[in-house]
Amino acid sequence: MSQTADEKARSETPEHDREIGHDEFDPIGTLTLIGIYFLILVFLWFFMYFVEFLGNDPTVVGGTLVFAATGERLR
Amino acid sequence: MTNTYIESFPAEAKVVRAAFYSSFLALAIGGLFGIVQTLHRTGYYRFMDSADYYTVLTAHGVLLAITFTIFFLVGVFTWAVTTSLDRPVEDIRFTWVWYGLMVVGTVLTAIPIFAGFTDSEMSASVLFTFYAPLQGHPLFYFGLVLFVVGTWLAGADWFRSWWAWKQEHPDERIPLPTFMVLTTTLMWYIATLGVAAAILLFLLPWSLGLVESVNPLLTRTLFWFFGHPVVYFWLMPAYMMWYIMLPKISGGKLFSDPLARVVFVLFLILSVPTGIHHQYLDPGIAEGFKFIAMTNTMFLLLPSLLTAFTVVASMEHGARQRGGTGYLGWLKALPWRDPVFAGMALAGLMFAAAGFSGMINAGMNINYLVHNTFWVVGHFHLTVGTAVALTFMAVTYWFLPQVTGKELWSRSVALGQVVLWFVGMTFMSNAMHRGGLLGIPRRTAEPQYEGFEFEAAVGSVGELDAQIALGGALLTLSLVLFFANVIGTALNSRSDDLPANEYADTLSGPSDAPLVLDNLKLWTAIAIVLVIFAYSFPLLSIIERGGLFGPELTELPVSIGPGLEYLSTTTVSTVTTAGETAIAIIAGVGS
Amino acid sequence: MRISKGALLVVIAFTAPLIVELRTVLAWVNVELTVLESAVLGIGLIGVLLVWALWPQSQNNATESAETE
Ligand code: HEM
Ligand SMILES: [Cu+2]
């Protein structure tokens, strides 16, 4: 049962109707799906910007940067 | 002859089966407490005293996040090692010993937790994170130690199999499933050093009365040293199933063996030096250290994205071999009717959603918005509560016939069960996230306050509560269906017509993977160096400030005496201004 | 049947997050749905899905079982 690539190449599931090897396989559908996921993530980050940052003072990291630049602590 | 696991490895099948049943028992009891909490918090049905809420919550957290997950893991890993090396364990008595140790550990831990419901002195309502100032009965810590030692021995068992196999196959690559087991085990060894230190050096002696006090920040930091990587200990067996079972069940092959190895190596080296991201709000740890932890955390996105790509591409390969076409049309060609497939695919989808809330948690500044709110509970019910738990339940439908030799009781019920979990979790988790954004706290028996109302942006808090209760009810129903299937299968008679014990082939095999990937010593060394970088300075500065055994600290047995107010004031003040204030308050209130 | 029963069940399950999130999203463009309204919307959506899935495809119903699962 230790499976080397060619040893088991033929043991396929019954519904199987064609064999696609490494070189013919073009995962375009995967790219599409992950692309959609990525767009959703970008949208949500953008959305979060409105929820969290607009109208608020800079927090932690922003504060550290301000401190590094001006020597002044916020708050 | 069908070549199931139980036929090839009858003795091992018994251990694996025992581990699975132990994990299901924990799931059943833990799940029961889940719905009790849900109904209590939302105010729909409160039959117990709110003071007992923490006992329930401790049992829910420990039984599900520790017992259920890890027992299932040791079952799967034992299966993976024996199957992929094609050899029985070296000594089955040793295998039973570590399993037995884990059982004894669990029972000893459970006794003081459950004693919390009685009038006895004994209790351990310390939640599954069990750090100071909460203090439990010594038996609780002792049981945990035995449990963890059991897992260490289990790891030794898997390594032993691999060493023996290597003698006979000196020039072969480590088979992928075994590779996954070994890297995960190494990560676990490094990670558990944190809890081992926290328990053996501090919490257990403190609970036994051998030392007067502990440094709470130190025990918290040691806990999270372990608390983050334990997340990957839950996740790695689920990932393993996505990599080596899902492609086969989709009718295809794993897209890339080398990529899978890279992912597990990255988890080995990056899981541990990130724990401080759970402590963004802890005073006493400098922002710079938190920033380093955040950076490491963001690097962890890499193996997760690689996994998303590899796993989806493998599914697509299966779908196309089954005749699927188009940019998205191939999705229709996937075997949605198969509960093993549907469950894992839905679990993966929810994990993608959890990826977003996880990024919010991981950002130091945005974390302030959601820290310790119900949002976090929503997040981890998507990760451990679904990506892991639903994957485990789905593969159970494949494993049960393998380890019992009996046919699954009902595939339709199984499909209904996994879909129901998805729908239930959608309702529950969505409302938890939204509640958290409003500031509704987690770990709270009665999240309603006089003279104050949480304001919902959309709808009302009442509607959110209803949504959570509805989701919890659906989840409970889903659990009932799951157990019906497990029991029904156990009662079936032996069948000769079962699928063989196999896992997925690869499109690009191990021969394409650089040899260095299999150099476990190298990766372990790098992991240890990174841990030293990330942790030595924070730990030193915590000890320097607070002392090894802390400023004097008054422990809190959670058997709530003088009232909840006392509890919250002391907790807040111990954490913030430490010693004196707490003592003053207790002297005032307690006597 | 256009898709297998299993796939239909899963597609119906997907309406749950859609409906649940739709309510929040719509609120940002000032469309406030009540719970009842979104429940009705959800049931409507499921109805449409069922009709789409179960509507006999004009010809060759006979191949139905061959192309599913
Ligand atoms: C029937 C299904 C479930 C329901 C109804 C449920 C419900 C809940 C609720 C309402 C809480 C939050 C309580 C609070 O913060 O006040 C909670 C916490 C938790 N749940 Fe679940 N849950 C379920 C399944 C699971 C599963 C399957 C897991 C993991 C495998 C899990 C792991 C946890 C953990 C780790 C906590 C945190 C405990 C703590 O804060 O100490 N739950 N659960
Ligand atoms: Cu973490």
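In what follows, chains carry the letters A, B, and so on, assigned in the order in which the sequence lines appear, proteins first and then strands, with residues in each chain numbered from 1. Since the structure is predicted, the reported quantities are computational estimates derived from the model, not experimental observations.
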Original post:
Looking at Val10(C), Thr15(C), Leu33(C), which makes the most heavy-atom pairs under 4.5 Å with chain B?
Top reply: Val10(C)

Original post:
So what's closer than 4.5 Å to chain C heavy atoms on Leu420(B): side chain, backbone, both or neither?
Top reply: neither

Subject >> Part of Leu331(B) within contact of chain C (heavy atom distance under 4.5 Å) >> reply: neither

Original post:
At their closest point, which heavy atom of Trp336(B) faces which heavy atom of Gly6(C), and how far apart are they?
Top reply: CB-C, 4.0 Å

Subject >> Heavy-atom pair count under 4.5 Å with chain B, highest-scoring of Leu9(C), Ile12(C), Thr34(C) >> reply: Leu9(C)

Original post:
Which distance, rounded to the nearest 0.5 Å, do you find between the CZ of Arg434(B) and the CZ of Arg23(C)?
Top reply: 6.5 Å

**OP:** Can you establish whether the number of heavy atoms outside Glu463(B) located under 6.0 Å from its atom CD is more than 12?
**Re:** yes

Original post:
Is the closest side-chain heavy-atom distance between Phe14(C) and Thr426(B) below 4.5 Å?
Top reply: no

Original post:
How about Leu415(B) and Lys5(C): do any of their side-chain heavy atoms sit closer than 4.5 Å?
Top reply: no

